[in-house]
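Every chain is numbered from 1, with letters handed out A, B, ... down the list of sequences.
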Protein chains: 4
Amino acid sequence: MSHRKGGLQGERTCKLIRRALIELVEEKGFAEVTVGEIAARAPVNRATFYRYYRDKYALVEEIFQDVVSELSAGLGPTGQVATRERIVGWERLFEHVGRHHRLYAALLGRRGDPWFAARLRERCVELARDRLRTVQDAIPGAGRDAESDDLQLVLAANMILGAITWWLEHHRPRSAHDMAEAVVRFATQGYFDALGIGTAQPG
Amino acid sequence: MSHRKGGLQGERTCKLIRRALIELVEEKGFAEVTVGEIAARAPVNRATFYRYYRDKYALVEEIFQDVVSELSAGLGPTGQVATRERIVGWERLFEHVGRHHRLYAALLGRRGDPWFAARLRERCVELARDRLRTVQDAIPGAGRDAESDDLQLVLAANMILGAITWWLEHHRPRSAHDMAEAVVRFATQGYFDALGIGTAQPG
Amino acid sequence: MSHRKGGLQGERTCKLIRRALIELVEEKGFAEVTVGEIAARAPVNRATFYRYYRDKYALVEEIFQDVVSELSAGLGPTGQVATRERIVGWERLFEHVGRHHRLYAALLGRRGDPWFAARLRERCVELARDRLRTVQDAIPGAGRDAESDDLQLVLAANMILGAITWWLEHHRPRSAHDMAEAVVRFATQGYFDALGIGTAQPG
Amino acid sequence: MSHRKGGLQGERTCKLIRRALIELVEEKGFAEVTVGEIAARAPVNRATFYRYYRDKYALVEEIFQDVVSELSAGLGPTGQVATRERIVGWERLFEHVGRHHRLYAALLGRRGDPWFAARLRERCVELARDRLRTVQDAIPGAGRDAESDDLQLVLAANMILGAITWWLEHHRPRSAHDMAEAVVRFATQGYFDALGIGTAQPG
DNA sequence: ACGTAAGCGAGACGGTACGTCGCGTCTTACC
DNA sequence: GGTAAGACGCGACGTACCGTCTCGCTTACGT
């Protein structure tokens with residue numbers, strides 16, 4: 001992504017390679033894809049692949065970075081007014097995922113790469129942390145417990161990842177807006193209230 | 001898992017192999033472990049490994065099954081009284097994970113196997129579904145929406161998995177009881193209340 | 001064939017094993033036969049095979065010895081009157097081979113074992129040497145050149161082996177008597193006379 | 001033998017491999033030679049061996065083809081004048097074998113490959129058939145019996161093979177010319193005359 | 001515009017791991 | 001004592017990818 005911008009040809013080759021990877025990951029899962037297959041699909045010589053990427057992980061990393069950049073850009077600045085009702089941020093997230101649904105499905109599914117999921121999770125935690133900080137800064141008196149905060153952020157991030165995964169595995173049966181709502185409901189009211197059995201109690 | 005119970009020696013060999021895998025997974029992650037290494041570590045001939053397991057996945061599958069069986073047994077019958085305060089079930093879960101923390105850490109970490117995480121997640125969903133059903137059955141009038149329920153269960157399961165992962169990655173800085181409390185708090189009060197900023201609002 | 005004569009059972013087992021080998025050699029050639037297959041075909045446990053034979057070579061060796069013993073017995077004492085016309089000895093050889101044609105075909109064919117062919121060739125040379133010595137002893141004045149004799153014996157033995165092989169590979173299109181005649185003709189008159197082109201000359 | 005002529009390196013590698021095989025076959029016999037050993041001796045990676053040859057048989061086949069080509073070329077056109085005295089053809093054969101004596105000894109000996117011997121025998125039969133045909137064509141009146149001819153050719157070929165084998169196993173105690181003479185004597189005068197005991201008679 | 005450096009295909013190569021097969025030895029239990 | 005059952009170490013097999021490398025061709029860039 002750096003040394004190769006010089007030539008048009010290199011640009012083209014990288015695009016071919018990336019497209020090939022995505023196709024193949026969709027077809028058989030990241031783990032099963034080999035460099036040889038990517039090259040054959042591109043179609044490009046196997047040695048050419050290695051000219052641009054150290055291995056298939058470097059390639060997926062690049063794709064991931066691009067996608068995350070797009071996501072970050074799409075979410076806009078974090079320090080916005082945040083209200084319980086404003087689920088716009090999450091809605092945008094789901095829209096973004098929906099736009100790249102084949103890629104996300106391939107990479108997050110059970111044939112996906114754990115490493116990719118971890119990266120995405122981290123990214124979600126970061127995003128959530130930014131937003132939380134904004135909120136916390138607005139409440140001067142709030143005590144902070146970094147570790148505790150961290151745990152809750154991780155829980156939230158995992159929940160959101162779970163929502164995305166579920167959504168993709170079920171072929172997006174609901175709108176991005178509905179998903180965002182569901183997530184927010186879970187986050188604000190808790191699980192049982194979200195299920196409408198507020199009087200019940202967990203075992 | 002079945003055909004080998006005959007011989008005592010076979011039993012012993014399997015144990016050696018399983019121990020070897022766990023050690024190696026802890027050291028370098030599942031993906032990096034090689035059948036040859038497992039055999040060398042056991043110590044057992046590589047061919048002997050193949051006498052009992054088709055590949056390293058079959059081996060980890062067996063280990064997983066055993067662990068899950070132990071977990072299920074440990075959780076006891078599901079149809080128990082469930083109160084918002086009763087977090088015993090989840091506490092037991094964390095205790096179980098803590099008991100096998102090296103294995104879980106190895107298999108759930110980012111060097112772990114996605115497939116293992118998926119299996120465990122499914123298992124959590126099933127457990128949660130059982131419990132939910134018990135609760136719902138106790139509330140005759142409650143309307144049910146299978147899909148919606150499913151989503152919420154998946155969210156909860158992901159949250160719990162996230163808690164476990166976080167706990168293990170940070171070398172279990174809190175007690176199983178505390179973790180269970182944190183999880184339950186998140187599930188019952190939602191994310192913001194759990195953070196003690198009930199008045200704040202998600203972006 | 002020595003330590004096992006004790007039990008009837010052992011006798012029986014050896015017979016089964018030998019029969020199995022012969023069948024298999026006929027079906028797929030000696031080289032392709034494995035101990036496991038022999039055992040399975042017998043049917044006998046593989047370990048039992050090893051109780052009696054060190055490997056498949058030891059087994060075929062035993063079979064070979066038996067066959068050669070029968071052959072030697074069939075040929076009778078060597079010091080008989082020998083005339084150019086008396087081809088009875090060679091006829092008996094072909095009859096013997098014909099009687100065991102499946103075994104010989106299996107072991108001498110191109111899927112046979114080189115080692116077996118070599119053994120048989122040696123045996124032929126020995127037989128021929130015996131006969132030659134008898135003849136030579138009857139001619140007191142004949143000069144001897146051991147090396148030269150040896151070469152001619154080997155040539156003769158190879159020729160005979162070739163005749164046997166040809167006969168078997170073509171499914172014995174002629175009688176043993178005809179074969180013996182052909183061999184003797186070649187041996188006594190030479191190749192060109194045998195072909196009826198005595199005036200022609202080799203290139 | 002065809003697809004690799006492109007690269008110079010490939011050429012070189014094949015040469016190394018072939019040399020290695022020949023060395024090893026001389027040392028321990030074809031059957032005992034392992035692909036791994038060939039590779040180690042070349043020296044070349046085992047995988048590289050498989051790049052060029054399916055297995056050790058394919059390799060020896062190629063070597064054999066080359067040697068036979070050289071032999072055929074060396075023998076020159078077949079339709080030459082052939083006299084009883086002209087043993088030049090056979091002399092050339094022995095010279096050729098002598099030139100490659102280590103290879104032939106390795107492949108024809110009792111540790112050699114039966115398949116190789118069979119191939120060589122066939123080749124000899126073909127060569128002999130060509131020559132015979134030339135001779136027969138020169139004698140219009142000669143009756144022909146294809147089967148009978150075939151048998152005699154096979155006998156001659158086996159005899160020659162036997163001569164070659166004997167020669168090699170005894171480390172070529174005589175000149176190629178002497179060997180050719182011995183063979184021709186056997187072929188033209190028959191076994192007993194060749195032994196100088198024309199009055200004696202076979203049993 | 002055109003020579004030159006790049007991008008690229010082709011493919012050889014060493015290397016690691018795979019999963020399979022067959023060997024010959026051994027122990028255990030049965031009859 | 002002979003046998004079945006089968007575990008075990010061993011070593012070779014042929015295959016699949018890996019990441020590196022060299023070699024020419026061609027092509028599109030820079031001056």
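Every residue was checked against the ring-ring contact (aromatic ring centres under 6.0 Å, His included) condition with C/Tyr50, not counting sequence neighbours, and none meets it. Take D/His101 and apply the ring-ring contact (aromatic ring centres under 6.0 Å, His included) test, not counting sequence neighbours, and it matches no residue. Applying the side chain to side chain donor-acceptor pair (under 3.5 Å) test to D/Glu169 and every residue at least two apart in sequence or in another chain returns nothing. The side-chain contact (heavy atoms from CB on, under 4.5 Å) test applied to D/Arg102 returns D/Glu26, not counting sequence neighbours.
Distance, A/Arg51 CZ to E/dG7 P: 7 Å, rounded to whole Å. For the pair C/Tyr52 OH and E/dG24 C1', the computed distance is 17 Å after rounding to whole Å. Atom OH of D/Tyr57 is separated from atom P of F/dA12 by 15 Å (rounded to the nearest Å). Distance, B/Asp55 CG to E/dT20 C1': 13 Å, rounded to whole Å. Distance CD (B/Gln9) to P (E/dC26): 13 Å, rounded to an integer number of Å. To the nearest angstrom, C1' of E/dC13 lies 13 Å from CG of D/Leu16. Atom NZ in A/Lys56 sits about 11 Å away from atom P in F/dC17, given to the nearest Å. In this entry the distance linking CZ of B/Arg12 with P of E/dT27 reads 15 Å, nearest Å.
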Solution key, residues 34-42 of chain A side-chain donor-acceptor pairs under 3.5 Å, sequence neighbours excluded:
residue, atom, partner, partner atom, Å
A/Thr34, OG1, A/Gly36, N, 3.4
A/Thr34, OG1, A/Glu37, N, 3.1
A/Glu37, OE1, A/Lys28, NZ, 3.1
A/Glu37, OE1, A/Thr34, N, 3.0
A/Glu37, OE2, A/Lys28, NZ, 2.4
A/Arg41, NH1, A/Glu23, OE1, 2.7
A/Arg41, NH1, A/Glu27, OE2, 2.9
A/Arg41, NH2, A/Glu27, OE1, 3.0
A/Arg41, NH2, A/Glu27, OE2, 3.4

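Relative to the side chain of C/Tyr50, the nucleotides E/dG24, F/dT15, E/dC13 differ in distance, and E/dG24 lies closest.
Look at B/Thr13 and you'll find a side-chain N or O under 4.0 angstrom from OP1 or OP2 of F/dC8.
Using a 4.0 Å cutoff on non-hydrogen atoms, the parts of residues 27-49 of chain C near DNA chain E are C/Thr34, C/Val35, C/Gly36, C/Arg46, C/Ala47, ordered by number.
Expressed to the nearest 0.5 Å, how far CG of B/Leu168 lies from CG of B/Leu107 amounts to 11.0 Å.
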